[in-house]
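Below is one structure, written out as structure tokens; comments come after it.
Quantities reported herein were computed from a predicted structural model and do not represent experimental measurements. Ligands are counted one by one from 1 in listed order, and the atoms in each one are counted from 1 as well. Computed over heavy atoms, backbone and side chain alike; hydrogens, waters and symmetry mates excluded.
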Amino acid sequence: MAMGRFAEPKMGFVVLLLWFMSGVAGAEYMAYKDPKQEVDARIKDLMDRMTLEEKIGQMTQIERKVATFDVMKQYFIGSVLSGGGSVPCPKASAEDWVKMVNEIQKGALSTRLGIPMIYGIDAIHGHNNAYNATIFPHNIGLGVTRDAELVKRIGAATALEVRATGIPYAFAPCIAVCRDPRWGRCYESYSEDHKIVQMMTEIIPGLQGDPPANSMGVPFVAGKTKVAACAKHFVGDGGTVKGIDESNTVIDLNELLSIHMPAYYDSIRKGVATVMVSYSSWNGHKMHANRDLVTGFLKDKLEFEGFVISDWQGIDKITDPPHSNYSYSVQAAVLAGIDMVMVPENYTEFINDLSSLVKNKVIPMSRIDDAVERILKVKFVMGLFENPMADFSLANQLGSQEHRELAREAVRKSAVLLKNGKSDNQPLLPLPKKAAKILVAGSHAHNLGYQCGGWTIQWQGVAGNDLTTGTTILTAVKNTVDPSTQVVYESDPDASFVNSNNFSYAIVVVGEVPYAEMWGDSSNLTIKEPGGSTIGKVCGAVRCAVVVISGRPVVLEPYVAEMDALVAAWLPGSEGQGVADVLFGDYGFSGKLARTWFKSVDQLPMNVGDAHYDPLFPFGFGLITSGSI
Ligand code: BGC
Ligand code: BGC
């Protein structure tokens with residue numbers, strides 16, 4: 001009886017103890033998995049557990065096309081990207097994206113240490129690869145607004161749309177200071193003036209959230225509705241000779257630091273998580289191999305603690321021809337201080353070369369550890385370990401009405417009124433909504449793809465109205481005029497048609513066709529044919545307002561005298577209604593040029609402050625009309 005009385009609880013205790021011990025042995029406590037630990041302690045704990053292979057995997061970013069579950073698992077891949085136009089399926093929904101990203105993530109999580117991968121994409125004017133996303137104006141238009149708070153809201157909206165598709169990382173903003181509009185990426189630049197570019201880095205706290213005060217250099221991302229940002233392309237991308245993409249920026253250190261560097265300082269102060277290196281060279285030295293600037297300046301002097309990512313095959317281009325000595329490229333890039341390499345497809349070659357270089361002590365282990373610690377820091381800070389898998393809860397953010405309204409606001413604030421009325425008559429704008437019959441003409445009046453520009457659905461952009469949802473300028477005009485006003489649309493009407501129709505006035509929309517990167521380099525900067533002749537035929541016969549859709553100032557001088565009004569609308573994106581808002585006076589024009597509008601290309605490069613400054617329209621120019629803005 002007495003035995004029984006004590007034996008039972010004792011047995012119970014032993015069973016409990018055994019159960020408890022087996023539990024501990026089965027799930028060893030791992031500090032890196034404990035969100036209550038400090039980030040640095042988590043990094044240290046994880047680093048201590050990692051093999052060289054696992055570390056090199058973290059440094060490898062591959063394209064989604066090659067990112068199968070098995071590849072993720074076998075090579076411990078740390079990051080995956082969508083290149084321009086690389087989508088799970090045509091017209092993919094938010095759910096299609098989330099499923100794809102999660103499938104890749106499952107591969108990463110199935111590894112021994114279960115380190116989540118970080119998925120990145122170019123969301124450079126809204127979530128531009130995604131069907132149905134809100135397409136915001138390209139940066140060249142946003143610079144015009146000088147409205148940092150607006151740009152911050154655009155960052156926040158973009159973060160939500162990117163997260164809606166399960167993606168936590170955007171390769172934006174481009175903080176290039178474009179000094180020559182012949183550059184095919186000029187539209188990715190906010191301005192020729194670094195002060196405007198600096199101001200526009202407010203998009204970073206929009207994308208990532210507001211960092212705590214006094215945290216210079218520490219990457220910051222405020223959780224599941226924000227994304228890691230990427231200041232690019234470090235440094236001097238906008239200063240290349242004749243604006244030739246990826247070429248050489250020939251300037252002294254003083255100019256590099258005073259024109260192209262300041263926005264990096266702002267970005268880092270605002271907690272930018274990553275920085276992408278530029279394809280270009282500085283005084284003949286490839287940036288991807290520039291240890292002094294990447295490690296010496298960015299990491300040591302500016303105290304940037306996030307990670308440095310290469311550009312797409314950027315390290316391949318360290319050698320000429322590209323990829324002719326890949327092992328050397330890997331060595332030069334990693335020793336320069338690049339932490340993550342956007343490979344993006346030949347990952348086995350990258351991994352093998354980097355492993356040999358470390359095993360042969362060409363690259364010290366300390367360099368690998370620095371790279372991996374930085375990558376892990378971003379992943380821990382943003383909560384990726386706690387929330388690696390996306391869900392469908394934000395799906396309705398993609399292309400939401402609220403974001404489209406915000407884009408429309410940005411469109412009207414980015415339009416610049418360059419001319420309003422010939423010397424001998426009244427201003428034409430704002431246009432009357434009530435008129436018997438009006439003409440809308442021009443190659444760009446009813447072409448959503450043209451008004452969105454490059455980096456929209458496809459890398460090089462798309463022509464036509466099918467690519468995604470949005471409002472063309474023609475549709476916007478029809479939405480805005482009085483129901484009694486007859487709107488006639490003819491892309492390229494002949495003069496007799498214009499003459500014989502008794503139009504009250506005409507709106508002519510012409511410009512450049514979409515391009516991206518080097519495909520957009522242009523030495524003549526002309527608009528698409530027959531733009532000039534459409535202007536001539538229409539404006540010769542009826543009072544006309546010309547709207548130019550372009551990624552930069554283009555040759556207009558020969559046509560300006562014929563126009564009654566001229567508006568630079570840049571690349572406004574999906575919400576063409578914003579253009580009609582200012583044309584018809586529902587809102588006033590307020591935009592001021594953030595670039596110099598040249599007369600002829602032989603003046604280039606020509607930027608505000610230059611001795612030979614003789615523009616068609618100077619930097620800062622912009623007429624206003626009454627109305628709220
Ligand atoms: C990709 C882009 C990338 C480009 C680099 C294209 O094939 O789609 O994302 O920027 O290559 O040259
Ligand atoms: C561009 C980058 C872009 C990357 C990924 C490169 O060609 O230069 O700006 O982030 O491709 O698409």
Side-chain angles (χ1 to χ4, degrees), residues 60-67 79-87 118-130 138-140 158 162 167-178 183-190 197 203-204 207 227-240 243-247 249 260 263-264 267 272-281 286-288 306-318 322-323 333 338-347 453-461 514-521 551:
T60 311
Q61 184 181 64
I62 64 175
E63 220 286 333
R64 56 157 282 284
K65 292 193 287 283
V66 296
S79 184
V80 176
L81 88 150
S82 273
S86 184
V87 300
I118 178 169
Y119 196 106
I121 195 162
D122 294 287
I124 67 168
H125 62 142
H127 192 9
N128 48 70
N129 287 294
H138 268 298
N139 289 351
I140 188 165
T158 302
V162 171
I167 297 176
Y169 178 21
F171 305 131
C174 176
I175 54 170
V177 182
C178 171
W183 187 34
R185 308 191 80 158
C186 202
Y187 64 79
E188 295 185 58
S189 166
Y190 295 106
V197 179
I203 197 166
I204 293 169
L207 289 162
V227 295
C230 179
K232 70 186 188 183
H233 310 80
F234 186 80
V235 58
D237 51 350
T240 58
I244 296 169
D245 192 36
E246 305 188 2
S247 73
T249 295
H260 300 279
Y264 284 93
S267 302
V272 74
T274 76
V275 170
M276 189 186 294
V277 179
S278 179
Y279 286 128
S280 57
S281 300
K286 295 271 182 191
M287 279 307 306
H288 279 259
F307 68 80
V308 175
I309 185 168
S310 83
D311 205 337
W312 173 285
Q313 291 178 337
I315 73 165
D316 306 42
K317 299 181 188 187
I318 289 173
H323 208 89
I338 291 173
D339 303 312
M340 181 183 283
V341 172
M342 190 185 286
V343 177
E345 289 186 29
N346 295 329
Y347 52 87
W455 293 108
T456 310
I457 304 300
Q458 297 289 338
W459 179 39
Q460 292 297 320
Y515 52 77
E517 301 190 48
M518 65 289 246
W519 299 94
D521 287 354

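- For Asp237 (side chain) and Tyr279 (main-chain N/O), no donor-acceptor pair under 3.5 Å exists by modelled atom type.
- Heavy-atom contacts of Tyr279 reach the following atoms of ligand 2: 6 (C), 7 (O), 8 (O) (cutoff under 4.0 Å).
- For ligand 2, the polar-atom distance check against Trp312 finds no nitrogen or oxygen pair separated by under 3.5 Å.
- Side chain to side chain, Glu517 and Trp459 meet the donor-acceptor criterion of an N or O pair below 3.5 Å.
- Taking a cut-off of under 4.0 Å to the non-hydrogen atoms of Lys232, the atoms of ligand 2 that pass are 2 (C), 3 (C), 9 (O), 10 (O).
- Between Val343 and Thr60, some side-chain heavy-atom pair lies under the 4.5 Å cut-off.
- Residues Thr274 and Tyr169 have side chains that bring a donor and an acceptor to within less than 3.5 angstrom of each other.
- Although no hydrogens or angles enter the test, the distance criterion places a donor-acceptor pair under 3.5 Å between the side chain of Thr456 and the main chain of Gly454.
- Considering backbone and side-chain atoms alike, Glu188 places every N or O at 3.5 Å or more from each N or O of ligand 2.
- At least one side-chain heavy atom of Ile175 sits less than 4.5 Å from a side-chain heavy atom of Ser267.
- Qualifying salt bridge (charged side-chain N to carboxylate O under 4.0 Å, His left out) partners for Asp339, counting only residues two or more places apart in sequence or in other chains: Lys299, Arg367.
- Contact annotation: for Glu246 versus ligand 2, there are no heavy atoms closer than 4.0 Å.
- No part of Trp459 comes within 4.0 Å of ligand 2, judged by heavy-atom distances.
- Ligand 2 has no N or O atom lying under 3.5 Å from any N or O atom of Trp455, backbone or side chain.
- Distances below 4.0 Å separate heavy atoms of Asp311 from the following atoms of ligand 2: 1 (C), 2 (C), 3 (C), 4 (C), 6 (C), 7 (O), 8 (O), 11 (O).
- Considering both main-chain and side-chain atoms, His233 comes within under 3.5 Å of ligand 2 through a nitrogen or oxygen pair.
- Here the rule is side-chain hydrogen bond (donor to acceptor under 3.5 Å, both in side chains) with Trp455, and of His138, Glu188, His125 only Glu188 fits it.
- For ligand 2 and Arg185, the ligand atoms under 4.0 Å from any heavy atom of the residue are 1 (C), 2 (C), 8 (O), 9 (O).
- Less than 4.0 angstrom separates some heavy atom of Met276 from each of these atoms of ligand 2: 2 (C), 10 (O).
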